Amino acid sequence: MQTTGSERARATLSYLRRKITTGEWPVGIRIPIEPELAEQMGVGRSTVREAVRSLANMGMLETLPGRGTFVRSATPTSALLNEFLNAFTLEEILSYRRALEIEAAQQATIHRTDEDLAALEAAAAEEQGCSLCPIATAASSSPGFESKFHLLIFDAAKNRLLASLYAGINEQLRNPQHRGRLANIASASEMEHYHAQLLDAIRRKDFIDAVHAMAAHVDNDVVMVTPDQEVVPTLARSEELQQRIDGLQGELQQPENAE
C-alpha cells in the first residue's frame with residue numbers, strides 16, 4: 001500500500017523526534033545534513049525539511065546558517081519554557097541556571113561512562129582560548145550561553161529533563177531584552193582551570209568536588225553587569241527584584257478581610 005505525503009511527513013517527524021528524545025542525538029549535537037537524512041529514511045528532502053522546521057518550532061532543533069542544525073532540547077518544552085520565563089527577573093533566571101549546572105555536575109560524576117569522559121576531555125581541549133568562551137563580551141550581537149563542554153556534562157548526567165531545562169534557560173538568555181546586561185568575566189586561563197577541576201572530579205567520580213568546582217565556575221561565568229559594565233555580585237538583588245520581594249512580603253503580612 002502506497003503511503004501518502006502526510007503519512008510520510010508524520011513518520012519522518014516521529015523518526016527525528018525519537019532520535020532526540022532517546023538521547024541518540026544528545027543536546028548540543030549537530031544532526032546529519034538534509035540529503036543524508038532523506039537517504040536514511042527514503043523520503044524526499046522537502047519532507048525532511050518540513051520535519052526539521054516542525055521540531056525547530058517546538059524548540060527541539062535550531063538551524064544556524066552556514067553551520068548546520070543542532071539539537072537544542074530533548075523535549076518539546078523550550079518554547080513554552082521561554083514564554084514562562086519572561087515573567088521572571090534576570091537574577092532569578094541566572095540563579096535557576098546555576099542550580100541546573102551544579103546538579104548536572106553532580107549527576108555526571110555518578111552516571112558518566114568512559115565515552116562521556118572521552119568526549120568531555122576532547123571538548124575541554126577544543127575550548128581553550130578566549131575566542132571560544134561562551135560569551136565574549138556583554139555587547140556581543142549574537143551571544144551563545146553554553147559551551148560544548150557544559151552540554152556534554154548534561155549529557156553525561158543522563159537526565160533529559162535537566163538538559164531540556166538548561167536549553168530553555170539559555171534560549172531565554174538570548175532574548176534581546178537581556179542584551180548588554182550579561183558578560184562572561186572568566187579569562188581563558190580561568191575557564192580552562194575550572195574546566196580542568198570539573199573534569200578531574202568527574203573522572204574520579206567525586207560528586208562533592210564536582211559540585212564545588214561547578215559552583216565556583218558558574219559564579220565567574222555568565223554574570224549580570226550594570227550599564228557601566230560593572231559586575232553585579234551573584235547573590236546581590238537588583239532594585240527590581242527587591243521591590244518584587246517587598247511586594248510579596250507586604251501581601252503576606254496583610255490581615256485577612258473581615259467577613
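It should be emphasised that the depicted structure is a prediction, and the values quoted were computed from it without experimental measurement.
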- For I202, does its backbone N or O pair with a side-chain atom of D206 as donor and acceptor, under 3.5 Å? no
- Evaluation steps, side-chain hydrogen bond (donor to acceptor under 3.5 Å, both in side chains), between Q172 and H178: CA-CA 9 Å; Q172 170 65 208; H178 301 316; 3.3 Å; yes
- Message: Test your reading of the model: is there a side-chain donor-acceptor pair from D116 to the backbone of T113, 3.5 Å cut-off?
- Response: yes
- Calculate, to the nearest 0.5 Å, the distance between atoms CG and CD belonging to N159 and Q106 respectively. 11.5 Å
- Message: Membership question, hydrophobic clusters at under 4.5 Å side-chain separation (ILVMFWY): are L61 and M41 in the same one?
- Response: yes
- Polar side chain donor-acceptor pair, E92 to T89, under 3.5 angstrom: yes
- Under a single-linkage definition using a 4.5 Å side-chain heavy-atom cutoff for Ile, Leu, Val, Met, Phe, Trp and Tyr, are L37 and F70 assigned to the same hydrophobic cluster? no
- Message: Run the salt bridge (charged side-chain N to carboxylate O under 4.0 Å, His left out) test against R203 and tell me which residues pass, sequence neighbours left out.
- Response: E121, D200
- So, E101 and H217: side-chain donor and acceptor under 3.5 Å apart, yes or no? no
- Note on the structure: dist Y166:OH -> L100:CG (nearest 0.5 Å) comes out at 9.0 Å
- Note on the structure: When rounded to the nearest 0.5 Å, the distance separating CZ of R18 from CG of L13 is 10.5 Å
- Taking every heavy atom of E36 against every heavy atom of P32, the minimum-distance pair comes out as OE1-CB, 3.4 Å
- So, N170 versus R97: side-chain donor-acceptor pair below 3.5 Å or not? yes
- Quick one: sort the F149 and H195 rings into parallel, tilted or perpendicular, breaks at 30° and 60°. parallel
- Item | Over all atoms of both residues, closest heavy-atom pair of A210 and A201 | N-CB, 3.5 Å
- Task: Taking all non-hydrogen atoms of both residues into account, name the closest pair between A104 and A157 and its distance.
- Result: O-CB, 3.7 Å
- By the rule that ILVMFWY residues connect when side-chain heavy atoms come within less than 4.5 angstrom, directly or transitively, which residues belong alongside F207? I208
- ILVMFWY cluster membership beyond I33 - transitive side-chain contacts under 4.5 angstrom: none
- With a 4.5 Å limit on heavy-atom distance, are the side chains of R17 and Y15 in contact? no
- Check ion pair D219-R98 (N to O, under 4.0 angstrom): yes
- Task: May I ask you to test the R72-M60 pair for a side-chain heavy-atom distance under 4.5 Å?
- Result: no
- Should I102 and L199 be counted in the same cluster of Ile, Leu, Val, Met, Phe, Trp and Tyr side chains packed under 4.5 Å apart? yes
- Message: Looking at every non-hydrogen atom in both residues, tell me the closest pair between A119 and L152 and how far apart they are.
- Response: O-CD1, 3.4 Å
- salt bridge (charged side-chain N to carboxylate O under 4.0 Å, His left out) against K205, all qualifying residues, sequence neighbours excluded: none
- Is the closest side-chain heavy-atom distance between D209 and L198 below 4.5 Å? no
- Task: Applying side-chain contact (heavy atoms from CB on, under 4.5 Å) between T69 and each of L64, L55, I31, report the one that passes.
- Result: I31
- Task: Please examine the side chains of I153 and M214, heavy atoms only from C-beta on, and report whether any two atoms are closer than 4.5 Å.
- Result: yes
- Query: Can you name the salt bridge (charged side-chain N to carboxylate O under 4.0 Å, His left out) partners of E50, sequence neighbours left out?
  - Reply: none
- Item | Residue pair V52 / L16, side-chain heavy-atom distance below 4.5 Å | yes
- Any donor-acceptor pair under 3.5 Å linking the side chain of T12 with the backbone of R8? yes
- Message: If the condition is salt bridge (charged side-chain N to carboxylate O under 4.0 Å, His left out), which residues does E230 pass it with, not counting sequence neighbours?
- Response: none
- Is any side-chain heavy atom of I29 closer than 4.5 Å to a side-chain heavy atom of D155? no
- Item | 4.5 Å side-chain heavy-atom contact, Y194 and N220 | yes
- Short side-chain donor-acceptor distance under 3.5 Å, E103 and Q107: yes
- Message: Are the side chains of V225 and L182 in contact, using a 4.5 Å heavy-atom criterion?
- Response: no
- Task: Determine, stepwise, if the pair L173 / L94 fulfils side-chain contact (heavy atoms from CB on, under 4.5 Å).
- Result: CA-CA 9 Å; L173 293 181; L94 286 176; 4.1 Å; yes
- Item | Value rounded to 0.5 Å, distance of CZ in R10 from OG in S54 | 12.0 Å
- Message: Take a 6.0 Å sphere around CD of Q40 and say whether it holds more than 12 heavy atoms from other residues, nucleotides or ligands.
- Response: yes
